[in-house]
Structure formats: C-alpha cells, structure tokens
Asks: 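Here it is: the structure, laid out below.
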4 protein chains.
Amino acid sequence: MKSVEKHNKILVSATKVFAKKGFFNARISDIAKEAKVADGTIYLYFNNKFDILISVLEEEIGKIIEQIQKAIKKETDPHKMLTIFVHKHLAAMKQNKNLAEVIHIELRQSDKLVKEYRNKTFKQYIDLISEIIRLGQEQHIYRKEIMPGIAKRAFFGALDEVSRVWTETSTSSYSLEETTEQVLSLFLFGMIERRD
Amino acid sequence: MKSVEKHNKILVSATKVFAKKGFFNARISDIAKEAKVADGTIYLYFNNKFDILISVLEEEIGKIIEQIQKAIKKETDPHKMLTIFVHKHLAAMKQNKNLAEVIHIELRQSDKLVKEYRNKTFKQYIDLISEIIRLGQEQHIYRKEIMPGIAKRAFFGALDEVSRVWTETSTSSYSLEETTEQVLSLFLFGMIERRD
Amino acid sequence: MKSVEKHNKILVSATKVFAKKGFFNARISDIAKEAKVADGTIYLYFNNKFDILISVLEEEIGKIIEQIQKAIKKETDPHKMLTIFVHKHLAAMKQNKNLAEVIHIELRQSDKLVKEYRNKTFKQYIDLISEIIRLGQEQHIYRKEIMPGIAKRAFFGALDEVSRVWTETSTSSYSLEETTEQVLSLFLFGMIERRD
Amino acid sequence: MKSVEKHNKILVSATKVFAKKGFFNARISDIAKEAKVADGTIYLYFNNKFDILISVLEEEIGKIIEQIQKAIKKETDPHKMLTIFVHKHLAAMKQNKNLAEVIHIELRQSDKLVKEYRNKTFKQYIDLISEIIRLGQEQHIYRKEIMPGIAKRAFFGALDEVSRVWTETSTSSYSLEETTEQVLSLFLFGMIERRD
DNA sequence: GATGAATGAGCGTTCATTCAT
DNA sequence: GATGAATGAACGCTCATTCAT
C-alpha cells in the first residue's frame with residue numbers, strides 16, 4: 001500500500017471513530033484497529049491525536065468545501081448559486097454520514113486549533129452565502145434590508161441543523177430533494193402566505 | 001452558606017469552566033477553584049463530572065427553556081409567538097454567554113446521556129416552533145407547503161448559529177434588536193424582493 | 001447516654017463493621033451509621049480509624065482473654081486447665097461471631113501496631129498453653145519430648161482454624177461440645193489407634 | 001525480556017510488597033518500582049490491583065499446592081502421606097517467606113474473591129488431610145473417633161501457625177526438621193505420656 | 001458534648017506517545 | 001517503514017479527619 005493510501009485510510013478510520021465516539025472518547029488504538037495498522041504507525045503519518053482531527057477537518061471537509069465552492073463559482077445567477085449550495089451541502093451530509101457527524105460535533109469544540117480552522121477555511125465557506133446575498137441585492141433580486149452578515153449565519157445554521165436529521169435517525173425520514181426544496185423555499189419566500 | 005447556594009455556585013462555576021475549556025478539557029479542580037471550594041466538596045453535590053454537565057443542561061438551560069415556553073403559551077397569535085420565541089432565545093443567549101457557549105458546544109456531544117437530554121427536554125423546546133407553524137398554517141397565515149418538521153430545525157439552527165456571534169466576538173457586533181428583527185424578517189418574508 | 005456507653009457502642013459497632021467488611025474496606029461513616037452517631041462523634045472517643053481497631057483488639061478481645069486466663073489460674077490440674085482453655089476459647093468464638101471474625105482476619109495484619117498487640121497481650125494468652133504443657137511435663141503427664149514453644153502454636157493454630165467453621169457457615173455444622181472434645185482428644189491422645 | 005518473564009517478575013515483586021505492607025497498604029507504584037517497570041506496565045499484565053493479589057494466590061500458591069498434592073498421591077501409606085504433607089508444607093513456607101506471609105495475611109481477607117479462592121483451590125488442599133485421615137481410619141491405623149472434618153482444620157491451623165514462626169523472627173529459631181517432627185509426633189501420638 | 005459539611009492528600013487507572021526491534 | 005510493548009504524566013474520585021455551629 002502506498003504511503004498516501006495509508007494516510008487516507010487512517011483519516012477515513014479516524015472520521016468513523018470520531019463520528020461514533022467523539023474526539024475525546026476516541027482512542028488512538030480504536031483508530032489503529034479500524035485502520036488495521038499498529039498504534040505506532042499512526043504517528044508516522046500524523047503528529048498527534050489532535051493533528052488527526054485537524055486533518056479530518058482540513059482534508060476531508062476541505063475536499064467537500066472546495067467542490068461546492070467550485071460548482072458555485074461557475075454560476076452567476078444568485079438563485080441558482082444558492083440552489084447549488086443547498087443541494088450540494090445537504091447531499092454531501094447525507095452521503096458521508098461520518099463526516100457529517102464530525103462536522104456537527106467536533107467543529108463546535110472550544111479548542112483553539114479547531115476555532116482557528118473554523119475561522120479560516122470554514123468561514124470562507126460560509127462567507128460564500130453572504131457574497132451570494134450581496135450579489136442578489138445588487139441585482140435587486142434580494143431585499144436590501146437583509147443584512148448578509150446575519151443572514152449567512154442563519155442560512156448555514158439552518159442547513160447544519162436540518163442535515164442532522166440524517167445522522168440522528170436510521171429510518172428514512174426526509175428525502176434529500178424535499179429537504180433541499182423546503183430550505184430554499186423557506187429562505188427565499190419566507191413562511192408568510194401571500195394573497196396577491 | 002446554605003446547601004442550595006453552594007450547589008448553585010458550583011453549577012455556575014462549572015458552566016463558566018465548561019464554556020471556556022469544553023467539558024473534556026475542564027478539570028474538576030478548575031471548577032472547584034472557580035467555585036472556591038475544595039475538590040471533594042463538589043462530590044457532596046454531584047455524583048461525578050458528567051453529572052455536573054447534565055445538571056448544567058437540565059437546571060441552567062432548563063430554567064431558560066421553561067421561561068420561554070411559559071411566555072409563549074400566553075399568546076395565541078402565531079406571529080407574536082414567534083417574535084417572543086426569537087427575542088427571548090436570543091436575549092438569553094446574549095445575556096448568559098457561558099451558558100450559550102455550553103449550549104453551542106456540549107449539546108452536540110455524542111454522549112448517550114447528552115443525547116437523551118437533547119431528545120427529551122430540548123426536543124420539546126424545538127417542537128414549540130413546529131407547533132407555532134402548524135397553528136399559523138391552520139389560520140392561513142403561513143404557507144401550507146412549509147413542512148413544520150423541517151422548518152423547525154431550520155429555524156432553531158438559524159437562531160443557534162446566529163447567537164454564536166456574541167460568544168465568538170468580544171466586540172459589540174450586532175445588537176439584540178437588529179438580530180431579532182433580521183431573523184424574523186428572514187423567516188417570515190424570505191429574501192426575495194417583492195414588487196407589488 | 002453516658003460517655004462510657006457511647007464509647008462501647010462505637011466499639012461494638014466497629015467490631016460488627018470490621019467483621020463484615022474488613023478494616024480497610026470499612027468506612028468511618030459505616031461505623032458511625034451502625035452506632036447511630038455522627039462521623040465526627042467517633043473522633044471524640046478515638047484518635048483515628050486505626051485506634052478503633054486497636055481498641056477492639058485490646059478491649060473486646062482483651063476482656064475475653066482475661067476471663068479465660070482467670071478461669072485457668074484457679075485450676076492446678078494441667079488436663080483440666082487445657083479443657084477449660086479449649087472450651088472457653090471455642091465458646092467465646094462461637095458466641096461472639098463478629099469478634100471471632102475480627103480475630104481471624106485483622107489479627108494477621110502486617111501493620112506494626114497490630115503486630116505489637118499480637119506480640120504483647122496475645123502472646124501472653126498463647127503462652128498460657130506452653131505453661132500448661134510445661135506444668136504437665138513436670139508432673140510427668142505430658143511427654144517430655146514435646147517442645148512447648150512449638151506445641152503452643154500448633155495448639156492455638158488448631159483452635160483458631162477450627163473455630164473459623166462457625167463464622168464461615170450459617171448452617172449449624174459442628175456443635176461446641178463435639179468440637180471441644182475432638183480437639184482435646186486429638187492433642188491429648190493423637191490420631192494413632194492403640195491396641196493395648 | 002519475554003512477556004512471560006515480566007509477568008512473573010511483577011508477580012514476585014507483588015508478593016514481596018504484599019508480604020511487607022499488606023495488600024491494602026501496598027501501592028501499585030511500590031510494586032512497579034520493585035519490579036523495575038513503569039506503573040502502566042503492570043496493567044498490561046493484570047487487570048487491576050486486586051487481580052494481582054488473586055494471581056499471586058492462584059499462580060504462586062497454586063504451584064506449591066500442586067507440588068504437594070502430586071507428591072502425596074504417589075504414596076499409599078497414610079503415615080508417609082502425612083509426613084510428606086507436613087514436611088513439604090513447612091519447607092515451602094520456610095523457603096518462600098514472602099509467599100508464606102501472603103498466605104498468613106491475605107488468605108484471611110473478607111473479600112469475596114479471596115473467599116472464593118479459599119473455598120475452591122485451598123479447600124481441596126486442606127481436604128487432602130481429611131482424606132488421608134479417612135484412609136488411615138479404614139486401615140485401622142487412626143482412631144475411628146476422630147472426626148476428619150474437624151481434624152483437618154486443626155491440622156492445617158497448626159501447620160499454618162507453626163510456620164509463622166519463620167516469618168516473625170529473623171533469628172534462627174526452630175529448624176525445619178524439628179518442627180516437622182514435633183507437629184507429626186503431636187498429631188500422631190498426642191501429648192499424653194504412656195506408660196506401657 | 002454532638003454534628004455533618006467541608007477539606008485535600010493520596011492513589012488506581014488510562015492512554016497518547018515513544019522507540020527498540 | 002511497521003510494530004506494539006513500555007512508559008509515566010495526568011486526573012477523577014474517595015474518605016479519614018477537622019472544625020464552625
């Protein structure tokens with residue numbers, strides 16, 4: 001097995017273990033067993049336990065973030081951009097449940113390094129939303145009263161919490177399509193019934 | 001000092017320490033020092049470290065949840081109910097930042113007992129939102145296409161993430177009033193600009 | 001309740017608790033609860049936990065030892081003296097099972113103070129046996145080859161182990177009389193069948 | 001060092017420490033230091049502190065018990081069997097003083113697991129005595145009035161207490177041979193002087 | 001004298017990390 | 001590079017003892 005493959009195998013195993021037990025309850029030996037390597041081998045690829053978590057965040061989550069960012073930057077229509085954002089995000093969360101769990105749980109950690117990651121890479125991701133909103137406001141599609149700095153948080157929080165439904169329940173629950181449609185509809189039109 | 005007061009002092013200290021370091025990095029001795037009691041004293045009031053976290057969730061958060069639930073149940077107008085919910089929730093989060101941090105971080109834990117709490121008390125809290133939405137739908141105020149089960153999550157997720165702004169930054173940032181107004185406006189009217 | 005009575009009540013309670021859990025597993029609060037006093041009260045009557053054990057040994061066991069010593073010193077016939085020793089010892093062990101348990105278990109402790117007690121008071125008790133044997137040898141009743149220093153230990157060890165039967169089993173098992181008779185017969189006549 | 005050797009080294013060290021301080025006063029770090037390993041290493045070979053004691057009982061004592069049992073089963077003459085039993089037991093106690101101390105002290109513990117060991121393996125050992133006595137009675141060598149169930153206890157108690165003399169005193173005291181001879185003579189012929 | 005809440009030293013145990021093989 | 005036995009720092013928790021009431 002090539003070095004890169006082993007690095008990745010450990011990362012995927014760590015994601016699985018972190019998802020199941022949480023970072024602090026996960027043991028290096030759990031990850032090693034899951035990856036079918038010796039405990040010591042892990043330290044050939046990562047500096048320490050925390051480095052593994054950071055790597056999961058940076059590499060695993062990073063890949064998804066990058067994908068979504070790319071897909072959006074091809075578009076110019078704010079509506080379509082938002083649609084892509086919502087759909088891709090929820091799809092990724094539904095597909096890779098272990099990673100979703102890690103995002104839900106570990107991204108909140110009070111740890112300095114985790115906060116750092118959230119403030120750098122993850123902030124860029126969320127800021128995509130505010131950029132889209134601003135774009136929409138410039139094109140007079142979105143209401144100018146909306147404050148993008150607050151709206152981006154509301155939007156991401158909604159997506160995050162909504163996607164949790166798939167990691168919580170093993171039963172089918174909501175489909176990806178209806179969830180995407182609901183969230184978009186909610187943020188675009190609001191809840192109020194119009195009679196015009 | 002009366003027993004109840006000391007119980008409470010430890011709880012407040014624990015909330016502060018958990019907020020700063022997170023549950024797993026918090027030491028019993030940290031909490032003891034913060035509460036100005038001996039390590040052993042803590043065990044006169046709580047069974048173990050985890051029991052303290054659960055108590056923070058159940059007692060401290062519980063109080064706030066109860067308050068909000070009460071305030072809402074006096075109202076009958078869905079709009080006013082939502083307004084109260086948003087305002088009270090954000091006000092509580094802004095006022096008690098330590099507790100807010102604990103909610104943001106620890107409520108996500110993969111631990112069984114924490115999940116249990118989230119599934120019991122906390123679910124009731126979130127379900128308040130779906131009830132209000134259903135009420136609004138019956139009164140033809142809210143669009144019938146909205147699925148309350150998804151909307152409640154989006155709504156709570158938005159509130160939760162939005163309120164994080166106050167624990168993250170020490171600078172003034174957004175005011176309570178404008179944040180409340182923004183979130184309400186977003187969920188009620190959506191982002192799309194109407195020209196009617 | 002007079003001071004002396006409380007002192008005694010604690011001692012009896014301690015004997016019971018030590019018998020049940022052993023010295024190290026016994027907690028001061030166990031003894032306090034058994035004696036129906038507050039934890040702190042115990043320290044008005046004893047210096048520390050170990051002092052209680054020593055007091056049990058010295059006072060409770062001491063009383064019995066004294067009784068037996070007195071009864072024997074009234075006699076002059078070695079046979080009768082041995083008979084009294086065996087009977088009284090076994091009777092005491094069967095009667096006060098908690099105390100018997102403490103003798104069985106705690107008298108062995110490697111602790112310095114316990115060893116000291118065993119070397120002082122308890123040695124005197126066991127030395128009663130060697131004195132009786134020597135007396136018998138002088139009167140040409142007991143074989144002169146018997147070494148009293150070894151025989152006294154064999155004798156006491158036998159009594160101690162034999163009496164354990166009553167603390168081990170809740171069922172009736174052997175009676176006091178047959179046990180006394182057996183031990184005496186064994187040490188006096190040995191096991192070999194004589195055909196004379 | 002092979003795994004088995006280290007396991008054994010810890011066991012021997014533990015026996016020494018238990019002998020000196022007693023189980024409850026012995027610290028894991030004492031045993032580790034004695035065995036020249038790190039504290040944590042002990043837990044690679046034993047589950048917990050108590051497991052070490054149980055292992056000392058089962059493995060160390062077990063070896064001796066087995067040896068003696070084997071040696072006896074080769075014999076058919078009750079007298080010779082008893083002689084072997086006494087000699088081997090006392091020899092083992094005199095040779096391995098640490099183990100002797102542990103037998104003297106820890107085998108009495110009120111702990112459930114210790115009692116269990118005493119009731120299983122150790123009982124078998126003591127029952128060897130009653131079997132020999134019964135055998136002697138069938139061959140009309142030993143008096144039929146002797147109750148083997150009581151005599152076995154008296155016999156073992158005598159041996160146990162007699163062997164204590166070597167762990168108590170550092171001075172030479174009694175030799176192995178004279179002690180063996182005395183105990184045998186005592187139990188076979190009793191103390192009474194015969195004039196026939 | 002009596003209480004029992006408070007104390008804090010002390011220890012068993014865990015587990016991330018190292019390093020000889 | 002890979003292993004996994006060994007390490008030892010770190011911490012939750014207990015409980016004998018104290019002392020203000």
Side-chain angles (χ1 to χ4, degrees), chain A residues 1-3 6-7 10 23-33 35-52, chain B residues 1-3 5-7 10 24-33 35-52, chain C residues 1-3 6-7 10 23-33 35-52, chain D residues 1-3 5-7 10 24-33 35-52:
Chain A
M1 193 188 292
K2 270 185 298 180
S3 197
K6 195 162 279 186
H7 175 101
I10 294 171
F23 175 76
F24 289 99
N25 287 319
R27 287 189 252 108
I28 289 292
S29 57
D30 293 334
I31 299 172
K33 189 182 282 180
K36 283 170 191 158
V37 298
D39 291 21
T41 305
I42 289 182
Y43 288 86
L44 299 174
Y45 296 88
F46 300 93
N47 295 321
N48 52 46
K49 191 185 173 189
F50 215 89
D51 187 33
I52 306 176
Chain B
M1 194 189 294
K2 268 185 301 177
S3 212
E5 286 177 44
K6 194 160 281 186
H7 175 101
I10 294 171
F24 289 101
N25 286 318
R27 305 290 144 235
I28 289 293
S29 56
D30 294 335
I31 298 173
K33 192 179 282 181
K36 283 171 190 156
V37 298
D39 290 22
T41 305
I42 290 182
Y43 290 87
L44 297 176
Y45 296 90
F46 301 93
N47 295 322
N48 51 48
K49 192 185 171 189
F50 213 88
D51 187 34
I52 306 176
Chain C
M1 194 189 293
K2 270 186 297 179
S3 197
K6 195 162 279 189
H7 175 101
I10 294 171
F23 174 76
F24 289 100
N25 288 318
R27 287 190 251 108
I28 290 291
S29 57
D30 292 334
I31 299 172
K33 189 182 281 181
K36 283 168 190 159
V37 297
D39 290 21
T41 305
I42 289 183
Y43 288 85
L44 297 174
Y45 296 89
F46 301 92
N47 295 322
N48 52 47
K49 191 186 172 188
F50 215 89
D51 187 34
I52 305 176
Chain D
M1 193 189 295
K2 268 184 303 179
S3 212
E5 287 177 45
K6 194 159 280 186
H7 175 101
I10 294 171
F24 289 101
N25 286 318
R27 305 286 144 239
I28 289 293
S29 55
D30 294 334
I31 299 172
K33 192 181 282 180
K36 283 170 189 155
V37 297
D39 291 22
T41 305
I42 290 182
Y43 290 87
L44 296 176
Y45 295 90
F46 301 92
N47 295 321
N48 52 47
K49 191 186 172 189
F50 213 88
D51 187 34
I52 306 176

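The chains referred to below are lettered A, B, ... by the order of the sequence lines, with proteins before strands, and numbering in each begins at 1.
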Asks: Nearest 0.5 Å, what's the NZ-OG distance between C:Lys33 and C:Ser29?
Replies: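 The NZ atom of C:Lys33 sits 7.0 Å away from the OG atom of C:Ser29.
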Asks: Let me know the distance between CG of B:Asn47 and C1' of F:dT14, rounded to the nearest Å.
Replies: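 B:Asn47 atom CG is separated from F:dT14 atom C1' by 14 Å.
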Asks: What pairs with A:Asp30 under side-chain hydrogen bond (donor to acceptor under 3.5 Å, both in side chains), at least two apart in sequence or on another chain?
Replies: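 For A:Asp30 the side-chain hydrogen bond (donor to acceptor under 3.5 Å, both in side chains) partners, ignoring immediate neighbours, are A:Lys21.
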Asks: Could you pull out the protein-nucleic contacts involving nucleotides 7-10 of chain E (nitrogen or oxygen on both sides, under 3.5 Å)?
Replies:
| residue | atom | partner | partner atom | Å |
| --- | --- | --- | --- | --- |
| E:dT7 | OP2 | B:Ala38 | N | 3.0 |
| E:dT7 | OP2 | B:Thr41 | OG1 | 2.3 |
| E:dG8 | N7 | B:Gly40 | N | 3.3 |

Asks: Within this structure, what is the CZ-to-C1' distance between D:Phe46 and F:dA6, rounded to whole angstrom?
Replies: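 Distance, rounded to whole Å: 15 Å.
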Asks: Using whole Å, what does the distance between atom P of nucleotide F:dC13 and atom CZ of B:Phe50 come to?
Replies: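 That distance rounds to 11 Å.
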Asks: For B:Asp30 and F:dC13, what is the distance between atoms CG and C1' respectively, to the nearest whole Å?
Replies: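 Between C1' of F:dC13 and CG of B:Asp30: 16 Å.
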Asks: Given F:dA2, F:dA5, E:dT13, identify the nucleotide with an atom nearest to the side chain of D:Tyr45.
Replies: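 Given the options F:dA2, F:dA5, E:dT13, the side chain of D:Tyr45 is closest to F:dA5.
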Asks: Which nucleotide sits closest to the side chain of C:Lys49: F:dA16, E:dA16, F:dG12?
Replies: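 Within the option list, the nearest is F:dA16.
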Asks: Reading DNA chain E 5' to 3', what string of ( ), [ ], | and . shows its pairs, if Watson-Crick and G-U wobble pairs count only when both distances fall under 3.5 Å?
Replies: .||||||||||||||||||||
Asks: Let me know the distance between NE2 of B:His7 and P of E:dA6, rounded to the nearest Å.
Replies: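 For the pair B:His7 NE2 and E:dA6 P, the rounded distance is 13 Å.
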Asks: After noting the C-alpha distance and the side-chain angles of D:Ile52 and D:Tyr45, does the key distance pass the side chain to side chain contact (heavy atoms under 4.5 Å, CB included) rule?
Replies: CA-CA 9 Å; D:Ile52 306 176; D:Tyr45 295 90; over 6 Å; no
Asks: When rounded to the nearest 0.5 angstrom, what distance separates CG in A:Asn48 from CD1 in A:Ile42?
Replies: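 Spacing of CG (A:Asn48) from CD1 (A:Ile42) equals 11.5 Å.
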Asks: Say you draw a straight line from OG1 of C:Thr41 to NZ of C:Lys6; how long is it, rounded to the nearest 0.5 Å?
Replies: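 Between atom OG1 of C:Thr41 and atom NZ of C:Lys6 there are 6.0 Å.
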Asks: Please identify each residue that fulfils ring pair (Phe, Tyr, Trp, His ring centres under 6.0 Å) with B:Phe50, with sequence neighbours left out.
Replies: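 Here the qualifying residues are B:Phe23.
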Asks: Once you round it to whole Å, what is the distance between C1' of E:dT18 and CG of A:Asn48?
Replies: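 One finds 13 Å between C1' of E:dT18 and CG of A:Asn48, rounded.
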Asks: B:Tyr43: what forms a ring pair (Phe, Tyr, Trp, His ring centres under 6.0 Å) with it, not counting sequence neighbours?
Replies: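 Listed in chain order: nothing, the list is empty.
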Asks: Would you list the pairs meeting salt bridge (Lys or Arg N to Asp or Glu O under 4.0 Å) in which at least one residue belongs to residues 35-52 of chain B, sequence neighbours left out?
Replies: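 Non-adjacent pairs meeting salt bridge (Lys or Arg N to Asp or Glu O under 4.0 Å): zero.
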Asks: Reckon C:Ala26 touches a base, only the sugar-phosphate, or nothing at all at heavy-atom distances under 4.0 Å?
Replies: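 Sugar-phosphate, no base atom in range.
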Asks: Whole angstrom is fine here: how far is it from CD1 in A:Ile28 over to P in F:dG4?
Replies: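 So the CD1-P distance, A:Ile28 to F:dG4, works out to 16 Å.
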Asks: Between D:Tyr43 (OH) and E:dA16 (C1'), how many Å, whole number?
Replies: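 Rounded to the whole Å, the gap is 18 Å.
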Asks: For DNA chain F, whose closest nucleotide is more 5', that of C:Phe24 or that of B:Asn25?
Replies: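 Checking each residue's closest nucleotide, the 5'-ward one belongs to B:Asn25.
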Asks: Quick check: does any side chain N or O of B:Arg27 sit under 3.5 Å from a backbone N or O of B:Phe24, one acting as donor and the other as acceptor?
Replies: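 Yes; at least one donor-acceptor contact below 3.5 Å.
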